[in-house]
Structure formats: C-alpha cells, structure tokens
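See structure below.
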Amino acid sequence: MDLHSFLRAIPKVSLHCHLEGSVRAETFVELAGKHGVELPEGVDPEDPYDYPDIYGFLNVYNLVGQSVRERDDFRRITYETLQEAAEHSVRYREMLWSPMDHFQVGVAYETAIDGIIDGIRDAQSDFGIECRMIADINRMQAPEAGLEMVQHVVDNPREDLIGIGLDYAEADYPPERLWKSYRLAERHGLHRTAHSCEDGPPRNVETCLELLGCERIDHGYLVLGDDDLVQRCADEGVVFTCCPVSTAWVYFDDDLANHPIKDMAARGLKIMLDCDDPPMFKTNPSNDYIVAADYMGFGPADFRQFVLNGIDGTWLDEPTKRRWRLEWSREIDELITQLDDGP
Ligand SMILES: [Zn+2]
C-alpha cells in the first residue's frame, strides 16, 4: 500500500468542516435555481467554486447559504457531505454550521436543524458515520445577533447539537465581543470552540481559552508568535483543528511547504487535520492529509498521532474516547505494516 492509499484508509475524526462549505457544486446550482437565487456575473454555473480571491469565495459562500432554505435542502446537503466523509474513512464528525446565514433569508432555526438531523440519521443508517453539530456565530455581525442565535439554540435543544463556534473574518472582530454568547452557551451545557489566530494576534487564543471557555481552537496558526502561549497550549494539550489546503490558499500564498502547521507540530502543539470547506477549496477529507504528507514531510507515525489528537479533541464521553484510541491505533498500526516502504 502506498502512503496516499494509507491516508485514505485510516479511520478519521473530523472536527473542522463547515456544512455550508461542503455543498457540492451541482447541488448548490440546483438549489439556487429552485429558490431563485441568481448567480452574479463572474460565477460560472459549470464551476461556481472558482474565485480569484477570498472576497470571491465569501461572496459564493453567502450565496450557498441563501440557497438552502427548506428542511429537505438541509437534509440533502448534510447527507451528501457525510457520504463523502464516509468514503474517506471519516467515522465521526462534529460539523460546524452557520444558522445566521440562513436567518438572512427567513429560514427558521428549527427548520434548519431538523433537516440537518434528518440528514445525519439517513447518513448514519446508510454509511455508518456519526455526526454532531456545532452552531457557529458570524462574528462580523453585531454581538447581539450572536447572542440571539445562541438563544435559539438554547430554546430549541436537540441532542445532536452539542456546541457553539465562532467564524468569519477575525482581524477587526476580536473574540471578546462575543463573551455574552459564550457565557450563555456555557450555562446551558454547550461545548465551545472558536476560529482563532488565522489572521488575528496570539492573544485571541488566550481570550478564547480564558474568557470564552473554549475547549479547543479552530486553526490557531498565529499563536506561534507568542512563545509562552505556545508552551502553555502544549502543556495543557489544547487541540488545534488545522486545515492545510484552505488556509494555504487564503493566508499563506498557497505555500504548503512553509505552512505554520509544520512548526506547530514541531513545537509540541496538539494538532489534528481537517478539510474546512472541501468542495469549495477543491479538496476532500483525505486530500488534506495527503498534501500534509507531500509538502510538509509528515509520515505515518505523525498521522497516527494526528488522528489520536482528533479523538482527544472530540466532545465525546471519556470511555468512548478511550475505546476509540485503543481500537483505532490498533487498526492504524495494522495498516502501517502494509505500507510498501514499511513503517
Ligand atoms: Zn473553518
């Protein structure tokens, strides 16, 4: 077995994948047509996920959000992304979604979450994959809008919705703006994560850990600018959910070979890998592992560790985590013995 096949075969958890960023291009075009969402000039219906820059990406991302409106639309997109994940040996996903994107076009929270849960159930029975959801706050809106969204989550509890996250452009919207939303979530037993240090200063990670009570960090690359904080995160085993392909394109001049993920691992940070918005960045759950192997020089033992870090980063109960760590490491070790070049 070659390394790429090994990376496709190893069991994976997925902690950093966005539902709206996972909509297949043809599904997006079909749903946009169904709901009368016009594709602006420059967006090619044959290849809508081709953009010149991050603004082009965000523009299309918003259009995708507006094109998903009915309960069955949510079921379909959830089912389709989980089908793809299962094909890449993802066994368990905690998936981010952006309720506030759908509020813009009048979609009720309950319509969306119940359609998503339909998709989770169907995918579980067809492919065996398990999934829980994380409601993401759009940090570029007013903090009150974030609080209102979390209130919807609290008022409409679903066992499949287990936490909140924080997303969108970080630079001018520091995490402390959302402290009330995070307090509300904490009071109601919801788990917490946040996108941080993609393009914000290291102290944003500290704010997320200390003030927002985050249990893991999405991305976190620029934390490398603060040695003390890096040491603290390494000592405490804070899990960082890193996405090679999307972030290389957006932030690091497509320079995969010098992506900060390499340094994060070298400095003892507990990282796991995921694919962020797979079709929108023309990637998939295995491909982000594959580019990490090809461009960053990670080997089989590193990927084994990243998978186990991912299990540690989940919000599953401890006995399940212990069992998965044991069973999956045995499975991965067995696959390592089948590698052409040996372990
Ligand atoms: Zn993300």
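Residue numbers run from 1 in the order of the sequence given. In listed order, ligands and their atoms are each counted from 1.
Protein N/O/S atoms closer than 2.8 Å to the Zn ion (ligand 1): H16 NE2, H18 NE2, H195 NE2, D276 OD1.
Comment: R216 engages E94 in a salt bridge, judged by a side-chain N to carboxylate O separation of less than 4.0 angstrom. Salt-bridge check for D114 with R158: passed, with a basic side-chain N closer than 4.0 Å to an acidic carboxylate O. E236 and R232 are joined by a salt bridge, as a carboxylate oxygen and a charged side-chain nitrogen come within less than 4.0 angstrom of each other.
Stacking of K270 on the aromatic ring of F240 is not recorded, the 6.0 Å distance cut-off and the 45° axial limit not both being met.
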task = Tell me, with the steps shown, if R323 and E318 meet salt bridge (charged side-chain N to carboxylate O under 4.0 Å, His left out).
result = CA-CA 9 Å; R323 183 162 54 80; E318 279 307 319; over 6 Å; no
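Of the candidates Y251, Y221, F298, W249, Y221 is the only one forming a ring pair (Phe, Tyr, Trp, His ring centres under 6.0 Å) with H259.
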